[in-house]
Every structure is written in C-alpha cells, then in structure tokens.
Amino acid sequence: MVERMLQFVRLPQQTPEKRPASQRREDFGEIYQDFDKPRAAAQASRCSQCGVPFCQVHCPLSNNIPDWLKLTTEGRLEEAYEISSATNNFPEICGRICPQDRLCEGNCVIEKGFDSVTIGAVERYITDTAFDNGWVKPIVPRQERTQSVGIIGAGPGGLAAAEMLRRDGYQVHVYDRYDRVGGLLVYGIPSFKLEKEIVIRRWKLLEEGGIVFHLGVDIGGAVSFESLRAQHDAVLIATGVYKSREIGGPGAGLDGIEPALDYLTAANRQGLGDSVPLYENGALNAHGKHVVVIGGGDTAMDCVRTAVRQGAASVKCLYRRDKANMPGSMREVKNAEEEGVEFVWLAAPEAFLGDDRVNAVRASRMHLGLPDASGRQSVEAIEGSHFNLPADLVIKALGFDPEDVPTMFNEKSLAVSRWGTLKIDHKSFMTSVPGVFAAGDIVRGASLVVWAIKDGRDAAAQIALYMRQNATMPVAAE
Ligand SMILES: Cc1cc2nc3c(=O)[nH]c(=O)nc-3n(C[C@H](O)[C@H](O)[C@H](O)COP(=O)(O)OP(=O)(O)OC[C@H]3O[C@@H](n4cnc5c(N)ncnc54)[C@H](O)[C@@H]3O)c2cc1C
Ligand code: SF4
C-alpha cells in the first residue's frame, strides 16, 4: 500500500491506458482502460492535500476530492466511495465524461511543471469498484411520504433530482418521451466516451429504489402538462435543449445534410440493437462516405469520431476559428486527431453543392479579427479564398437551443428568457408557475452533465422544502 501523499514530485501523471487509435477506430468501446488498484492508489497519492483545494472549488458539485484521493491511496475504497457519492449521484459517469481539463484537474495546484492529479480517472475507479463489490445499494427511504413529484425528463438533471427526492421518501414519477432512461447520456453521448451499460446500471438501481419511470410518454403530446400537474404535488421540468441550430446559404436544403443529434441518436440506437431505418438505408450512416462535420464543440467531436468508427472514406471537421479558440475540450480534439480526423481550421461553409444530394461543401478561409465585448475574436471571410471539399454527408453540429416549452406544454404563463430557456427563481428553483420547478439544460442552455446533476440536487432540496410547507397529509407510517 502506498501510504504517503505528495508523490507528484517523484511519480509522473499516468492516465489509464488509452487503447491504440488503430484499434479504437474499429469499435465503439470506451477508449480508456480501467485503473487497477495499485495504479489508482499510486496516482491518487500524487495529491498534495493542499489547504485550499482548487479542484474542489472548481468542481460544480464541490466534491471532496482530496479526501477520497487520500482514502484511495490508503486502500480504503469503501470509505472513498461513501465520500464521493455523498456529493455526486453519478460519480462513475462524471469521472468518464466531465471535461476535467476545464474543471477539477485544470485547477489542480500541485507545483507548476508537474501534471495534475488524474482526478476523473480515480473518481471513476472508486465507483466502478463500489459496483463490483456490491457497495452501491438501491435507495431505501427511512420513511415513506404520500406526496408525489412528477419529473419531466430522465436525463442527468431529472435523475439526480429523482434520486434525492426518493431518498427523502417522496413518491417519484419520471416521464420521458424516449424509450430509455438517460437522456443525452444514452442518445447523445457516444459509447466510446460512456458505455451504455453504465447508464442502464443506474436506471435499474433507481427503479429498484422505487422510482417509477413512464417511458415513451411525451408530455405536451399524448399526456398534457395540465393533467400531470393535477396528478402530482410538485412538477420538475428537466427536458434539456433539443432544437438544432440551423445553417443557411445556397444548397442548405440538399439531401445528405443532417443535424448532429439525429446522426448520433441513430448511431447510439444502432449500437443498442434497435432497428434504425435511416441508418440501414444509409441516410445516417457514414460508411464509405466523405464526411464533413461543421462546428467545433464537443458534439462535433462526437460526430467526427463516430464517422471514423462507421468506416467513412474521409472525415473532416470544418471550424471557422483556430484550434486555440475551439469551444470543445482539447482532450477530445486530440483523441479525434489520433483517430485520423482532419481539421480544417479557419474555414466556414458558404454553399453546399449538388443536384438533389450534396456532393461538396464550398468553404472560404477566415481570419480572426479584434476581440468583441465578450473577449472573443471576431471572424471575417478572406475574399476570394473559396475552396471545395468533397462531401457525401454533411453534419451540422452548431449547437442547440431550447424548444418552445410554453407552447409545447400549452402553459403560456411559463416565463422564458430571451434565449427561450425557462426562467426560475434561482433560490427556490421555481418557475413562474407555482409548484412547477425547472433544472438542467432547459434553464442553463446547453451545458454539462455535472451541472445538470448539481441543478437536479439543488432543485430537489427546494422541492422538498416546498412540499413540507405545503403538506396537507401527515407523513405515512414509517
Ligand atoms: C452530443 C453531445 C455530447 C455531449 N457530451 C458531453 C460530455 O462529454 N460531457 C458533458 O458533461 N456533457 C456533454 N454533453 C452535454 C450533456 O449531455 C447535457 O448538458 C446534459 O445531458 C443535460 O442534462 P438534462 O438532464 O438537462 O437534459 P437531457 O440529458 O437532454 O435530458 C432531457 C430529457 O428530457 C426528455 N424530454 C424532453 N422533452 C420532453 C417532453 N415533452 N416529454 C417527456 N420527456 C421529454 C428527453 O427525452 C430527455 O431524455 C453533450 C451533449 C451532446 C448533445
Ligand atoms: S464531478 Fe467532474 S469536475 Fe467534479 S471532481 Fe468529478 S470529474 Fe472533476
């Protein structure tokens, strides 16, 4: 057992091994191997146990990172799991897909010149070990309460809230228009970042804990929002953001130009063994095609890497700024480069060429101008710099906006911001409609899983408070 901390001075950073790119390209399995016990303990021992842990400050969940690193070093993994799961409902998921370089690890303060502690990988290891050893148990509330909550959306925000409220003994019903639990964890994020079994394992555990899932139920469609409100003492809206940003220009309506989420959902469904006609007929399958993905965020990275695995003839990512200004995580850009994706920096589409189907993207070179009020450099096209890229499949990965929730739910009094996100009172998490709360991407706009978990937890605490204040029935028998 490694007993001492501060080992960063003699032990270099070592992430769990990445499978070779040539192998990764051939399947959809996660790219990082598991830590073994000695390696996890050794890497955790690099932590300097500093007085003000900036990793914790910059983790949206304020995870008690130094403590669980120390316990991992000492081989006390069950205790490490208890501490880690006290602040995070899904640590094994965050350990896999948080952009740690921008959050905890990016703020690790071990001496300059030494690489950060591999916090995410250790977090993942602790909870995977806990599952392997049966330490992760379904919820058993100390007392059952008669009041019920209806949660719309089984993504990480809705699920974190559901778990917290169920722990408190409330009757929790989660409604989702998808046929599986997980939201973007299942249908957006590809398996090479997060294998689906990890999400399914949580789904089953939540179900065993008494949370009732109503899947394939579109609120605002087959079931009205009004009827849902009538059935529950409180409602949480955690519906995420799903309206793809569009692209204009000549030829933008040609066949073969597809939204990123349609493409990724088809790939995820195919991986789960579903029948996907648009994948089978080739419309949403990159096999043998020249693929151009437009955008520079994490969704674009997921698309290019999916296309590589589907056996595309070539995969290019077209981004109007340069590498240093990409919004996506550098770790993902590096992974994509290793897997053979070609980045065309400082280039933006002007037109899409073809008769009925797209066969090329006409792009122009861009240059970066002066920073605007937000500090971001403006982009301007360089005159006469056009060039064509062959493309049989163009994927638009330009981001997401909220759907029109007040119209979708036929509830005009739901106030929205100018971006269409739901307005809440940031203390109570309540929307403009009494007893209706909101959390996750539908409030923040497209964000991160860890923020959705944080919002779900905070909203649950406020819903519980509201329910206590509005309880009309006594607490049921213990
Ligand atoms: C391609 C892609 C890759 C990403 N990669 C990462 C990553 O690597 N790391 C990271 O931290 N974040 C990533 N994100 C962002 C992350 O997935 C989201 O921030 C997070 O899932 C938001 O959680 P949520 O619970 O608010 O919403 P969602 O996960 O979107 O869940 C919302 C749920 O609500 C359901 N719903 C919506 N409307 C209705 C309705 N009317 N009736 C019933 N159900 C409804 C939806 O079906 C869905 O299941 C990625 C996003 C995308 C699109
Ligand atoms: S939840 Fe995310 S940010 Fe927080 S410690 Fe884990 S990996 Fe880091």
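Note that the numbering runs from 1 along the sequence shown for the chain. Each ligand, and each atom within it, is numbered from 1 in the order the structure gives. Note that the coordinates shown come from a computational prediction; the quantities given were computed from them, not determined experimentally.
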Which option out of Val186, Asp455, Ile237, Asp218 puts a heavy atom nearest to atom 40 (C) of ligand 1?
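Selected option, by shortest heavy-atom distance: Asp218.
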Given Pro156, Gly399, Gly440, identify the one with the heavy atom nearest to atom 23 (O) of ligand 1.
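Among Pro156, Gly399, Gly440, the closest heavy atom to atom 23 (O) of ligand 1 belongs to Pro156.
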Identify, by atom number and element, the atoms of ligand 1 in contact range of [X], meaning under 4.0 Å from any of its heavy atoms.
X: Val217; result: 42 (N), 43 (C)
X: Gly157; result: 25 (O)
X: Leu448; result: 10 (C), 11 (O), 12 (N), 19 (O)
X: Met408; result: 41 (N)
X: Ala238; result: 32 (C), 33 (C), 34 (O)
X: Ser447; result: 15 (C), 19 (O)
X: Gly240; result: 27 (O), 30 (O), 32 (C)

With nothing but distance in play, are any N or O atoms of [X] less than 3.5 Å from an N or O of ligand 1?
X: Ile97; result: yes
X: Ile219; result: yes
X: Asp298; result: no
X: Val450; result: no
X: Ile152; result: no

Can you tell me if [X] has over 12 outside heavy atoms packed within less than 6.0 Å of its [atom1]?
X: Lys204; atom1: NZ; result: yes
X: Lys70; atom1: NZ; result: no
X: Lys396; atom1: NZ; result: yes

Nearest to [atom], what protein heavy atom do you find, and at what distance?
atom: atom 17 (O) of ligand 1; result: Leu184 CB, 3.4 Å
atom: atom 33 (C) of ligand 1; result: Asp176 OD2, 3.5 Å
atom: atom 37 (C) of ligand 1; result: Thr239 O, 3.2 Å
atom: atom 50 (C) of ligand 1; result: Ile189 CG1, 4.1 Å
atom: atom 8 (O) of ligand 1; result: Lys193 NZ, 2.9 Å
atom: atom 30 (O) of ligand 1; result: Tyr242 OH, 2.6 Å
atom: atom 34 (O) of ligand 1; result: Gly153 CA, 3.2 Å
atom: atom 8 (Fe) of ligand 2; result: Cys104 SG, 2.3 Å
atom: atom 1 (C) of ligand 1; result: Leu264 CD1, 3.3 Å

Under 4.0 Å from a heavy atom of [X]: give me the atoms of ligand 2 that qualify, with their elements.
X: Val450; result: 1 (S)
X: Leu103; result: 3 (S)
X: Asn63; result: 1 (S), 4 (Fe), 5 (S), 6 (Fe)

Name the orientation class of the two ring planes belonging to Phe192 and Phe28 (parallel below 30°, tilted from 30 to 60°, perpendicular beyond 60°).
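Phe192 and Phe28: tilted rings.
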Quick check: closest heavy atoms across Arg177 and Met408, and the distance to 0.1 Å?
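Nearest pair, atom of Arg177 first, then Met408: NH1-SD, 4.3 Å.
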Which heavy atom in Thr72 sits nearest to a heavy atom in Ala80, and how many Å separate them?
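The pair with the smallest heavy-atom distance is OG1-CB, 3.9 Å.
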Does only the side chain of Cys98 get under 4.0 Å from ligand 2, or the backbone, or both, or neither? Count heavy atoms.
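For Cys98, the contact with ligand 2 is made by the side chain alone.
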Would you kindly say whether [X] and [Y] are connected by a side-chain donor-acceptor distance under 3.5 Å?
X: Tyr187; Y: Arg269; value: yes
X: Gln56; Y: Asn63; value: no
X: Glu123; Y: Asn88; value: yes
X: Ser224; Y: Asn410; value: no
X: Asp441; Y: Ser447; value: no
X: Glu411; Y: Ser413; value: yes

Side-chain (Glu280) to main-chain (Val276) donor-acceptor, under 3.5 angstrom
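Pair found, side chain donor or acceptor close to backbone of Val276.
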Looking only at atom types and distance, does a side-chain atom of Ser244 sit under 3.5 Å from a main-chain N or O of Pro259, one as donor and one as acceptor?
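Judged by distance alone, no pair lies under 3.5 Å.
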Would Cys55 count as a contact for atom 8 (Fe) of ligand 2, in the sense that one of its N, O or S atoms lies under 2.8 Å from it?
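So Cys55 does not bind atom 8 (Fe) of ligand 2 by this criterion.
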Any side-chain heavy atom of [X] within less than 4.5 Å of one from [Y]?
X: Asp101; Y: Ser329; result: yes
X: Cys47; Y: Trp68; result: no
X: Arg331; Y: Gln100; result: yes

Any heavy atom of [X] closer to ligand 1 than 4.0 angstrom?
X: Leu185; value: no
X: Thr299; value: yes
X: Gly220; value: no
X: Trp451; value: no

May I ask you to check whether Cys59 brings an N, O or S atom to under 2.8 Å from atom 2 (Fe) of ligand 2?
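For Cys59, the answer is no, given that no N, O or S atom comes within less than 2.8 Å of atom 2 (Fe) of ligand 2.
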Location of contacts on Phe409 toward ligand 1, heavy atoms closer than 4.0 Å:
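It is the side chain that gets close, since no backbone atom is under 4.0 Å.
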Using a 4.0 Å heavy-atom threshold (strictly under), name the region of Glu403 that reaches ligand 1: side chain, backbone, both or neither.
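None of Glu403 does.
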Which atom name does Glu123 have for its N/O/S atom nearest to atom 6 (Fe) of ligand 2?
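Of all N, O or S atoms belonging to Glu123, OE1 is the one nearest atom 6 (Fe) of ligand 2.
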Residue of the set Arg19, Arg24, Arg124, Lys196 for which salt bridge (charged side-chain N to carboxylate O under 4.0 Å, His left out) holds with Glu30:
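Of all the options given, the one that passes is Arg124.
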Before we go on, tell me: are the rings of His232 and Tyr175 under 6.0 Å apart, centre to centre?
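Yes: the rings meet the under 6.0 Å criterion.
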Ring centroid separation Tyr466 to Phe437 under 6.0 Å
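Close enough - the centres of the two rings lie under 6.0 Å apart.
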